[in-house]
Amino acid sequence: MGALSIRSAGPADAAAVAALHTASWRTAYRDILSEAYLANAHVERAQYWQARMAAWNPARSFLGLAEQDGAAIGFACVMADAEPEHGALLDNLHVRPDIKRGGIGRQLLQRAGAWVAANLPSTPMHLTVYLANENAVGFYRRMGGLASAPHGYRAIDGTEHQVLRFVWASPGAIGA
């Protein structure tokens, strides 16, 4: 495999981001979201990312796309204004399921944290993760995120779950 690169994504990348998002959800959320929702998630995620990227504001949002040999293999998305009471929201961090555990998620998380530190000084970064997504919970703990107590959350498919909010007070120092 060739060298990994991470670049800022734009509207032309919406389909690739949606495909990565769907593939990741179908693996990581297999026992969390309903089978019916996951079976059709590709349609909903494609519409979601097309609309989101059409209204993208790079001054208030970050979308880093990881590529290797010209193929999209992961992405991280930060929204400055989505939940400002908690800081910048790491809204998505997904890596192609067949190549997880190769350091790509770590690099994407570090790049997202660096963007927050550079563009929103003194602002923490946070995300919400399903408690049942044990691999993600373990990853965010290893990356220095501080977890809240579990709390209830209604998922996109209408099911109820317990989630944790992970916070990085100094996102520019993630993995340092």
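Predicted model only: the values in this text are computed from it and were never measured.
- Taking 4.5 Å as the limit, some side-chain heavy atom of Cys77 sits within range of a side-chain heavy atom of Trp49.
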Checklist entry - Between Ser148 and His126, is a side chain to side chain contact (heavy atoms under 4.5 Å, CB included) present by the stated rule, with each step listed? => result CA-CA 11 Å; Ser148 67; His126 72 101; over 6 Å; no
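- Among residues at least two apart or in separate chains, salt bridge (charged side-chain N to carboxylate O under 4.0 Å, His left out) pairs with a member in residues 141-169 are Glu83-Arg165, Arg154-Glu160.
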Next on the checklist: Run the side chain to side chain contact (heavy atoms under 4.5 Å, CB included) test on Gln107 and Val95 for me, step by step, so that the C-alpha distance in whole Å, both residues' side-chain angles and the decisive distance to 0.1 Å come before the verdict.
Outcome noted: CA-CA 11 Å; Gln107 290 181 56; Val95 174; over 6 Å; no
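- Contact annotation: the side chain of Arg52 never approaches that of Leu63 to less than 4.5 Å [non-hydrogen atoms, C-beta and beyond].
- Taking the side chain as every heavy atom from C-beta outward, Ile6 and Gln110 never approach each other to under 4.5 Å.
- Taking each heavy atom of Leu89 and Ala82 in turn, the nearest pair found is CD2-CB, 3.6 Å.
- For Arg60 (side chain) and Asp81 (main-chain N/O), no donor-acceptor pair under 3.5 Å exists by modelled atom type.
- Classification of the His21-Phe75 ring pair by plane angle, with boundaries at 30° and 60°, yields perpendicular.
- Applying the salt bridge (charged side-chain N to carboxylate O under 4.0 Å, His left out) criterion to Arg106, with sequence neighbours excluded, gives no partner residue.
- Here the straight-line distance linking atom CE of Met125 with atom CD1 of Ile174 works out to 3.5 Å at 0.5 Å rounding.
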Checklist entry - So Leu127 and Trp168, side chain to side chain contact (heavy atoms under 4.5 Å, CB included) or not? Walk me through it. => result CA-CA 9 Å; Leu127 66 81; Trp168 291 268; 3.9 Å; yes
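- Closest non-hydrogen pair, Ala59 versus Trp115, comes out as O-CZ2, 4.0 Å.
- Val167 and Val129 fall into different hydrophobic clusters, where Ile, Leu, Val, Met, Phe, Trp and Tyr are joined by side-chain heavy atoms under 4.5 Å apart, directly or via other members.
- Arg26 contributes a side-chain N or O that, together with a main-chain N or O of Ala39, makes up a donor-acceptor pair within less than 3.5 Å.
- Heavy atoms from other residues, nucleotides or ligands lying under 6.0 Å from CD of Gln162 number more than 12.
- With hydrogens and angles disregarded, no donor-acceptor distance shorter than 3.5 Å links the side chain of Arg45 to the backbone of Ala18.
- The only option from Tyr153, Tyr29, Tyr130 that meets the ring-ring contact (aromatic ring centres under 6.0 Å, His included) definition with His161 turns out to be Tyr130.
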Next on the checklist: Under the criterion side chain to side chain contact (heavy atoms under 4.5 Å, CB included), I'd like the reasoning laid out for Ile32 against Trp25: C-alpha separation, chi angles, the key distance, then a yes or no.
Outcome noted: CA-CA 9 Å; Ile32 298 171; Trp25 275 13; over 6 Å; no
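- Note that the OG1 atom of Thr128 and the NE2 atom of His86 stand 7.5 Å from one another [nearest 0.5 Å].
- Contact record, Leu65 with Leu20: CD1-CD1, 4.1 Å, taken as the closest heavy-atom pair.
- The shortest side-chain heavy-atom distance between Phe139 and Leu93 falls under the 4.5 Å cut-off.
- Shown here for Ala149 and Leu164, the closest heavy-atom pair between the two residues is C-CD2, 4.1 Å.
- The shortest non-hydrogen separation linking Met79 to Ser61 is CE-OG, 3.6 Å.
- Cluster annotation: Leu33 and Val163 are assigned to the same hydrophobic cluster (Ile/Leu/Val/Met/Phe/Trp/Tyr, side-chain heavy-atom contacts under 4.5 Å, transitive).
- The minimum heavy-atom distance linking Ala88 with Thr123 is given by the pair N-CG2, 3.6 Å.
- Taking CD of Glu44 as the reference point, atom OH of Tyr37 lies at 3.5 Å (rounded to 0.5 Å).
- Residues Val17 and Val78 do not share a hydrophobic cluster, clusters being chains of Ile/Leu/Val/Met/Phe/Trp/Tyr side chains in contact below 4.5 Å.
- Between Leu90 and Leu109 the shortest side-chain heavy-atom distance falls below 4.5 Å.
- A heavy-atom distance below 4.5 Å is not found between the side chains of Asn135 and Lys100.
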